[in-house]
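Input: a single structure, listed below in structure tokens.
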Amino acid sequence: MPEGPSLVILKNAVQMFKGQKVIAVSGNTSIDKDAIRDLEVIDFKTWGKHFLICFKNFTVRIHLLMFGSYAINERKGRPERLSLQFANGELNFYTCSVQVIEEPLNEVYDWAADVLNDNWDAKAARKKLKAQPGTLVCDALLDQNIFAGVGNIIKNEVLFRIKVSPLTTIGDLPPRKLTEMIHEARNYSFDFLEWKKAFELKKHWLVYTKKICARDKTAIIKKHLGKTNRRSFYCPVCQIKYECIKISQ
DNA sequence: CCGGTTGTTCAGCG
DNA sequence: GCGCTGAACAACCG
């Protein structure tokens, strides 16, 4: 379910509840459900993998984590974590993290860090990356403070697209490749969004879960890498591991 | 039917 | 206080 583009699809799918009053709340979440009843949903927003239900004085934050899911105007055969009833339908969430945000969202979220947001700021991303030259690119792409919304699939596909090994550090990446990485983190996310909408996402994977490189038919390497220790799929031939020779003084 | 995982947080430890 | 590790969560797919 849950990389950034999937959340954008969710946001688009619930637009008919925007401006509607919540007439009943249920679910096994520990947040105060009474506080939501009879309130109007002002807006739905996303930040990276966060889904935000905005009310006048607070926001309910949904994070689907690995296994979370939702259902609109239907129910799955399991307990709802949070269920919102409207006059024109219902919105149900399962096995997710639910939190209340009391602060204004602009104080909590850096919209410029969300790769799918209109306010995405590539220069700000570059500055954050430059500050951590020792970080592996496979970890940097999963850093939600830099690339909010990027998940493990996007990480692998971006590195394949720009022909960079996941084991390259930020500091060793040639400046042009750094630019490409930042650009493709956003660009691939929009491709992901379009493919997912068309139910053809998997068809477009070139390296993620693949056995053979789409470019040169080399055997793809599958390994858990970096501090994040997430699955990396990469071609040892066309994805280059950049290394600078450091001259000690 | 078992193993692995599109993710994050937190406890525990050195 | 830090960085690191592993557990916990818990559903679906192949």
Side-chain angles (χ1 to χ4, degrees), chain A residues 1-11 13 27-31 46-52 59-71 74-83 92-101 108-110 113-116 131-161 166 169 184-211 220-234:
Chain A
M1 209 45 313
E3 295 197 33
S6 304
L7 278 286
V8 172
I9 289 168
L10 165 60
K11 180 171 65 180
N28 59 19
T29 175
S30 57
I31 70 161
T46 57
W47 180 85
K49 299 161 191 168
H50 298 202
F51 181 68
L52 304 164
T59 301
V60 173
R61 190 205 85 170
I62 307 284
H63 200 307
L64 298 174
L65 301 169
M66 282 275 229
F67 311 122
S69 62
Y70 62 88
E74 59 180 20
R75 294 191 171 217
K76 307 194 166 198
R78 333 178 237 118
E80 281 73 34
R81 176 67 38 85
L82 179 67
S83 172
N92 300 308
F93 294 99
Y94 301 86
T95 55
C96 54
S97 157
V98 182
Q99 280 181 27
V100 173
I101 300 174
V108 179
Y109 291 111
D110 173 12
D114 180 350
V115 293
L116 289 162
Q132 37 181 295
T135 301
L136 295 178
V137 292
C138 62
D139 287 331
L141 279 165
L142 291 175
D143 186 336
Q144 298 300 295
N145 292 313
I146 306 175
F147 298 109
V150 170
N152 205 33
I153 298 171
I154 297 173
K155 173 196 86 177
N156 280 292
E157 293 292 328
V158 164
L159 291 175
F160 182 79
R161 259 194 189 182
T169 65
E184 284 301 335
R186 176 170 165 89
N187 197 34
Y188 186 88
S189 295
F190 279 102
D191 288 344
F192 184 122
L193 174 59
E194 292 309 311
W195 293 330
K196 179 112 185 158
K197 276 188 198 166
F199 305 104
E200 57 179 36
L201 179 63
K202 286 184 189 182
K203 190 173 94 181
H204 294 276
W205 289 345
L206 297 178
V207 73
Y208 183 74
T209 71
K210 295 293 176 181
K211 297 259 191 287
I220 292 297
I221 296 175
K222 172 187 159 185
K223 256 186 201 160
H224 286 72
L225 299 178
K227 288 184 181 172
T228 46
N229 200 32
R230 302 292 303 281
R231 284 198 304 174
S232 281
F233 296 86
Y234 61 102

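To find a chain, count down the sequence lines: A is the first, B the second, and so on, and within it residues start at 1. Atom set for the values below is all heavy atoms of this structure, side chains included, hydrogens, waters and symmetry mates excluded. None of these values were measured; they are calculated from a predicted model.
The closest side-chain heavy-atom distance from A:F160 to A:K210 is not below 4.5 Å. In this structure, the side chains of A:C96 and A:R81 come closer than 4.5 Å at one or more pairs of heavy atoms. Within the 4.5 Å cutoff, the side chain of A:K223 has no heavy atoms near those of the A:P166 side chain. A:R161 is listed as a side-chain neighbour of A:N187, based on a closest heavy-atom distance under 4.5 Å.
If you measure from atom CG of A:N152 to atom P of B:dT8, you get 10 Å, rounded to the nearest angstrom. Remark: C1' of B:dT6 and NZ of A:K203 are 20 Å apart, rounded to the nearest angstrom. Put simply, CZ on A:F67 is 13 Å from C1' on C:dA7, counting in whole angstrom units. Residue A:R61 contributes atom CZ, which lies 9 Å from atom P of B:dT8 at whole-angstrom precision. Taking atom CD on A:E3 and atom P on B:dT8, their separation rounds to 9 Å, with Å as the unit. The distance between atom CD1 of A:I154 and atom P of B:dT6, rounded to the nearest whole Å, is 12 Å. A:H50 places its NE2 atom 7 Å from the P atom of B:dT9, with the value rounded to the nearest Å. Put simply, OH on A:Y208 is 12 Å from P on C:dG14, counting in whole angstrom units.
Residue A:R230 places at least one side-chain N or O under 4.0 Å from the OP1 or OP2 atom of B:dG7. Regarding contacts with the backbone of B:dG4, every side-chain N or O of A:R231 stays at 4.0 angstrom or more from both OP1 and OP2. Between A:Q144 and B:dT8, a side-chain N or O to OP1/OP2 separation shorter than 4.0 Å is present. The phosphate of C:dG3 (OP1 or OP2) has no side-chain N or O of A:K227 nearer than 4.0 angstrom. The side chain of A:K202 places an N or O atom within less than 4.0 Å of a non-bridging phosphate oxygen (OP1 or OP2) of C:dG14. For A:H224, a side-chain nitrogen or oxygen approaches OP1 or OP2 of B:dT5 to under 4.0 Å.
Looking at the side chain of A:R78, the nearest of the listed nucleotides C:dA11, B:dT9, B:dG7 is C:dA11. Picking from C:dA10, B:dG7, B:dT6 the nucleotide with the shortest atom distance to the side chain of A:T95 gives C:dA10.
Taking the P atoms as reference points, B:dC1 lies 24 Å from C:dC9, given to the whole Å. Nucleotides B:dT5 and C:dG6 place their P atoms 15 Å apart, quoted to the nearest Å.
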Criterion side chain to side chain contact (heavy atoms under 4.5 Å, CB included) on A:L116 and A:T46, from CA distance to verdict: CA-CA 9 Å; A:L116 289 162; A:T46 57; over 6 Å; no
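In this structure, B:dT6 makes no Watson-Crick or G-U wobble pair, since no nucleotide meets both defining distances under 3.5 angstrom. Nucleotide C:dA10 is matched to nothing when pairs are restricted to Watson-Crick or G-U wobble geometry with both distances under 3.5 angstrom.
Using a 4.0 Å heavy-atom distance criterion, A:Y94 is classed as making no nucleic acid contact.
Heavy-atom minimum distance, A:S189 versus A:V115: OG-CG2, 3.6 Å.
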